[in-house]
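Notes for the one structure printed next.
Chain A is the first sequence line, chain B the second, and so forth, proteins listed ahead of strands; every chain is numbered from 1.
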Number of protein chains: 2
Amino acid sequence: MKLSTKGRYAVTAMMDLALHDNEGPVTLSDISSCQGISLSYLEQLFSLLRQSGLVQGVRGPGGGYRLGKPPGQISVADIILAVDESLDSTNCKGHLDCNKGERCLTHHLWNDLSEQLLTFLSAITLSEFIKNPEVKKISVRLDGTAHRISTMFPVTENYNS
Amino acid sequence: MKLSTKGRYAVTAMMDLALHDNEGPVTLSDISSCQGISLSYLEQLFSLLRQSGLVQGVRGPGGGYRLGKPPGQISVADIILAVDESLDSTNCKGHLDCNKGERCLTHHLWNDLSEQLLTFLSAITLSEFIKNPEVKKISVRLDGTAHRISTMFPVTENYNS
DNA sequence: ATATACCCTAGTAAAATACTAGGTTTATTG
DNA sequence: CAATAAACCTAGTATTTTACTAGGGTATAT
């Protein structure tokens, strides 16, 4: 379990996808300009996300990415594990017999903690974020119609229907 | 909130200190050889831990480091925050007005998550680890006397009293 | 057809991680 | 009191990871 900016990029991008899940695919260039991440880097991250089945690519004009599963089935842990290749758990890498046949003590303790963290982040899914009342407030315009929410800025000039 | 090997090193080292808290200070060269981390790198990490009041250095022969507070008052979050300088929460760094005066949406969502994680790791203290039954089992020798537990290997030739 | 967007690869710049090598202080012990 | 063990400090460097750049290709809606 590792957590870096790379993981954060992936999580926030997935939040973005989840928010627009019912409005057709989201393009990476949108996310790129909204979040200030290079397009090509995003493509690399989404390649990993796609390989893990977390997103589906839709090619051609009007294409983009959409979630690969219902948002309730995509946890923060899933996303982080997909892009941040897991940190090997101690220095006693392959051979877990660092302690004369048994696993060493802090190795054991750290694994406990790591597992607790994983369980915690596995319980938080994307649907939690969509249900956020703050989000609902922003996602509904004053006239009552839904509009496309950008990640960094509300793209008021660029919503559909 | 960031989580890397650096943070893991600090946490496992602190676990080591907590386990030997009542047996006098633990030297960094012990931890270095036990966990396979360079001595000087450990010194740098412990410099940060000391600045945060998490450890106390004891100089001179027989010296080393001991906990700066009771183990129940040192959380995993404290340790990680001390060594992994916190990851700025989004690309809208200093200016939190990325969304025309307000904070942007995923910025908000990510902060929520980050805070949840912090709360979670703040609830886990070093005393949790010491209470671990597995640890107790290893820390008591067959003859009933306590012995010094190494992190990576039981240093059977090197316990006191 | 053409434009749009995914999809892929290789190389590189920048940053963080981890180490090396030298020191100085402080306190214990012979 | 001299030798030693340890913290404590600084500067430099190797390594790894992160993030980007540049160039392609492929599918598909219009």
Would you indicate which nucleotide in C:dC19, D:dC20, C:dT17 comes nearest to any side-chain atom of B:I37? C:dC19

Should the ring pair A:F46 and A:Y65 be called parallel, tilted or perpendicular, given that the plane angle runs from 0 to 90° and is split at 30 and 60? tilted

Atom-pair distance (CZ on B:R8; P on D:dT17), nearest Å: 12 Å

In whole Å, what is the span from the CG atom of B:L28 to the P atom of C:dA18? 16 Å

To the nearest angstrom, the CZ-P distance between B:F46 and D:dC8 comes to 10 Å

For A:Y41 and C:dA14, what is the distance between atoms OH and C1' respectively, to the nearest whole Å? 12 Å

hbond_proxy A:E43 side chain to C:dC7 base (donor-acceptor, 3.5 Å cutoff): yes

Are a donor atom and an acceptor atom from the side chains of B:D84 and B:S4 found within less than 3.5 Å of each other? yes

Residue B:P61, side-chain heavy atoms: nucleotide from C:dA18, C:dT28, D:dA19 that is nearest: C:dT28

Please classify the nucleic acid contact of B:L39 as base, sugar-phosphate, or nothing, using heavy-atom distances under 4.0 Å. nothing

For A:Y9, run the side-chain contact (heavy atoms from CB on, under 4.5 Å) check against A:I79, A:I37, A:V83, A:L42 and tell me which one passes. A:I37

Within the structure provided, determine whether A:I31 and A:V26 are in side-chain contact (heavy-atom separation under 4.5 Å). yes

In whole angstrom, give the distance that lies between atom CG of A:D84 and atom C1' of D:dT17. 10 Å

Qualifying residues under side chain to side chain contact (heavy atoms under 4.5 Å, CB included), relative to A:A77, sequence neighbours excluded: A:S75, A:L118, A:L121, A:S122

Side-chain N or O of A:S29 less than 4.0 angstrom from OP1 or OP2 on C:dT4? no

Is B:S4 side chain donor-acceptor paired with the C:dA16 base, going by distance under 3.5 Å alone? no

I need the residues from residues 47-59 of chain A with at least one non-hydrogen atom less than 4.0 Å from DNA chain C; give them sorted by number, or say none. A:R50, A:G57, A:V58, A:R59

Is it true that the side chains of A:S38 and A:S40 contain a donor and an acceptor less than 3.5 Å apart? no

Think A:K2 has a side-chain N or O under 4.0 angstrom from the OP1 or OP2 of D:dT18? yes

Rounded to whole Å, how long is the line connecting atom CD of A:Q44 with atom C1' of C:dC8? 10 Å

Between A:Y65 and C:dC7, is there a side-chain N or O to OP1/OP2 distance below 4.0 Å? yes

May I ask you to test the A:Q116-A:T119 pair for a side-chain heavy-atom distance under 4.5 Å? no

In whole angstroms, how far is the C1' atom of C:dA16 from the CG atom of B:L45? 13 Å

Judged by each residue's nearest nucleotide on DNA chain D, which is more toward the 5′ side, A:S40 or A:G60? A:S40

Could you check how far CG of B:D30 sits from P of D:dA7, rounded to whole Å? 9 Å

